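A quick write-up on the structure given underneath.
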Amino acid sequence: IGANDTPGAIVAAEDLATEARSGGDYNQAQFWLSTLLNLAERVGDSTASARAEERLGDLYATLGDYPNALAHLLRALSLHEELLNLEGIGNLLEEIGIVHGMAGDLEGAYRYLTDGLAAHREAGNAEMEVRTIRNLGEIHYSRGNLEAALDCGLRALAVYEALGDHRNK
């Protein structure tokens with residue numbers, strides 16, 4: 001692939017990864033996401049690299065391979081930090097927290113979710129903020145801290161009401 005063909009190849013690799021993942025072919029999805037990552041790195045496209053790392057992390061989390069999931073998600077986080085993408089940082093902190101929770105590391109989950117909540121608040125993203133509060137409530141519940149879990153539920157409800165979202169009450 002020549003330098004002029006790389007942007008089109010990046011889009012094609014991402015589309016093929018999406019199609020493979022949707023069809024349940026995780027090996028093909030991993031192949032195309034790795035191809036996407038290699039192409040993006042070759043041309044210095046940090047945004048596409050971050051997207052590929054995040055999608056690889058999500059794929060590995062789905063497969064239950066939490067160490068690989070976290071490695072890719074942490075690299076995506078680093079790229080979003082370099083890009084100063086506050087929304088991406090908040091989303092990845094939350095996703096990393098969720099993977100820690102899936103792996104049974106409730107302390108790590110709490111730490112990353114708390115950091116994600118702060119990033120969502122700084123970005124002014126109330127919808128993501130409320131989702132993170134709900135996830136924090138799940139971690140509190142799993143830790144047996146029912147009062148804190150209830151508090152998270154009530155805080156989430158207040159944000160939903162402020163947003164006028166009656167579907168999630």
Side-chain angles (χ1 to χ4, degrees), residues 1-105 108-109 111-136 138-139 159 163 165 167-168:
I1 297 174
N4 292 336
D5 299 327
T6 304
I10 287 172
V11 170
E14 193 160 14
D15 289 346
L16 289 165
T18 299
E19 185 178 319
R21 173 87 188 254
S22 295
D25 189 343
Y26 297 131
N27 288 330
Q28 272 303 108
Q30 191 273 336
F31 170 80
W32 287 114
L33 289 171
S34 295
T35 300
L36 166 62
L37 181 59
N38 289 334
L39 290 168
E41 287 175 345
R42 184 183 324 161
V43 297
D45 185 340
S46 296
T47 301
S49 293
R51 209 167 46 247
E53 291 284 11
E54 183 173 0
R55 292 187 63 195
L56 279 163
D58 180 60
L59 178 65
Y60 282 115
T62 298
L63 296 172
D65 184 348
Y66 304 125
N68 269 328
L70 290 170
H72 285 286
L73 293 172
L74 288 167
R75 284 195 292 271
L77 176 62
S78 177
L79 288 165
H80 279 287
E81 289 172 340
E82 288 174 19
L83 294 166
L84 302 175
N85 178 352
L86 195 54
E87 191 168 309
I89 291 168
N91 291 342
L92 278 158
L93 288 166
E94 181 179 8
E95 192 168 351
I96 291 166
I98 290 168
V99 172
H100 273 283
M102 292 166 65
D105 176 10
R111 185 176 63 252
Y112 279 99
L113 286 168
T114 300
D115 290 348
L117 180 59
H120 289 314
R121 283 183 176 154
E122 187 175 339
N125 191 337
E127 290 178 3
M128 293 305 293
E129 179 183 335
V130 73
R131 189 178 85 178
T132 306
I133 291 169
R134 288 177 60 189
N135 285 322
L136 276 166
E138 292 291 326
I139 296 302
V159 175
L163 292 172
D165 184 345
R167 296 168 296 145
N168 289 302

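Computed from a predicted model, the values in this text were never measured in an experiment.
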For this session: Taking all heavy atoms of V159 and all of A126, pick out the closest pair and write down the distance.
Result: CG1-O, 3.9 Å
Problem set entry | Partner residues of E138 under the side chain to side chain contact (heavy atoms under 4.5 Å, CB included) criterion, sequence neighbours left out | none
Problem set entry | Shortest non-hydrogen separation from L86 to A119 and the atoms involved | CG-O, 3.9 Å
Problem set entry | From NE2 (H120) to CD (E94), nearest 0.5 Å | 4.5 Å
For this session: Could you tell me which non-hydrogen atom of L39 sits nearest to which non-hydrogen atom of A13, and how far apart they are?
Result: CD1-CB, 4.5 Å
Exercise. For the residue pair A61 and A69, what are the closest heavy atoms and their distance?
Worked result: N-CB, 3.5 Å
Exercise. Would one find more than 12 heavy atoms of other residues, nucleotides or ligands at under 6.0 Å from atom CD of E41?
Worked result: yes
Exercise. Hey, mind stepping through E54 and L73 against side chain to side chain contact (heavy atoms under 4.5 Å, CB included) and telling me if it holds?
Worked result: CA-CA 5 Å; E54 183 173 0; L73 293 172; 4.2 Å; yes
For this session: Report the distance from atom CZ of R131 to atom CG of N125, rounding to the nearest 0.5 Å.
Result: 9.0 Å
For this session: Output the distance between atom CG (L92) and atom NE2 (H72), rounded to the nearest 0.5 Å.
Result: 13.0 Å
Seminar exercise, completed: So CG of L33 and OG1 of T18: to nearest 0.5 Å the spacing works out to 7.5 Å
Exercise. Between Q30 and N27, is a side chain to side chain contact (heavy atoms under 4.5 Å, CB included) present by the stated rule, with each step listed?
Worked result: CA-CA 5 Å; Q30 191 273 336; N27 288 330; 5.7 Å; no
Exercise. In Å, rounded to the nearest 0.5 Å, how long is the span from CG of D105 to CZ of R111?
Worked result: 6.5 Å
Exercise. Is D65 close to P67 at the side-chain level, that is, under 4.5 Å between some pair of heavy atoms?
Worked result: yes
Exercise. Can you tell me if CD on E81 sees more than 12 non-hydrogen neighbours from other groups inside 6.0 Å?
Worked result: yes
Exercise. Looking just at side-chain N and O atoms, do S49 and R75 make a donor-acceptor pair shorter than 3.5 Å?
Worked result: no
For this session: Kindly determine whether I10 and V43 satisfy side chain to side chain contact (heavy atoms under 4.5 Å, CB included), including the steps that lead there.
Result: CA-CA 10 Å; I10 287 172; V43 297; 4.1 Å; yes
Problem set entry | Main-chain N/O of M128 paired to T132 side chain as donor or acceptor, under 3.5 Å | yes
Exercise. So, for G101 and I139, which heavy atoms are closest and what is the spacing to 0.1 Å?
Worked result: CA-CD1, 4.5 Å
Exercise. Between L93 and L113, does a side chain to side chain contact (heavy atoms under 4.5 Å, CB included) hold up when you go through it step by step?
Worked result: CA-CA 6 Å; L93 288 166; L113 286 168; over 6 Å; no
Exercise. Which heavy-atom pair separates A50 from H80 by the least distance, and what is that distance?
Worked result: CB-NE2, 3.7 Å
Problem set entry | Distance, nearest 0.5 Å, that separates CD of E122 from CD of E129 | 12.0 Å
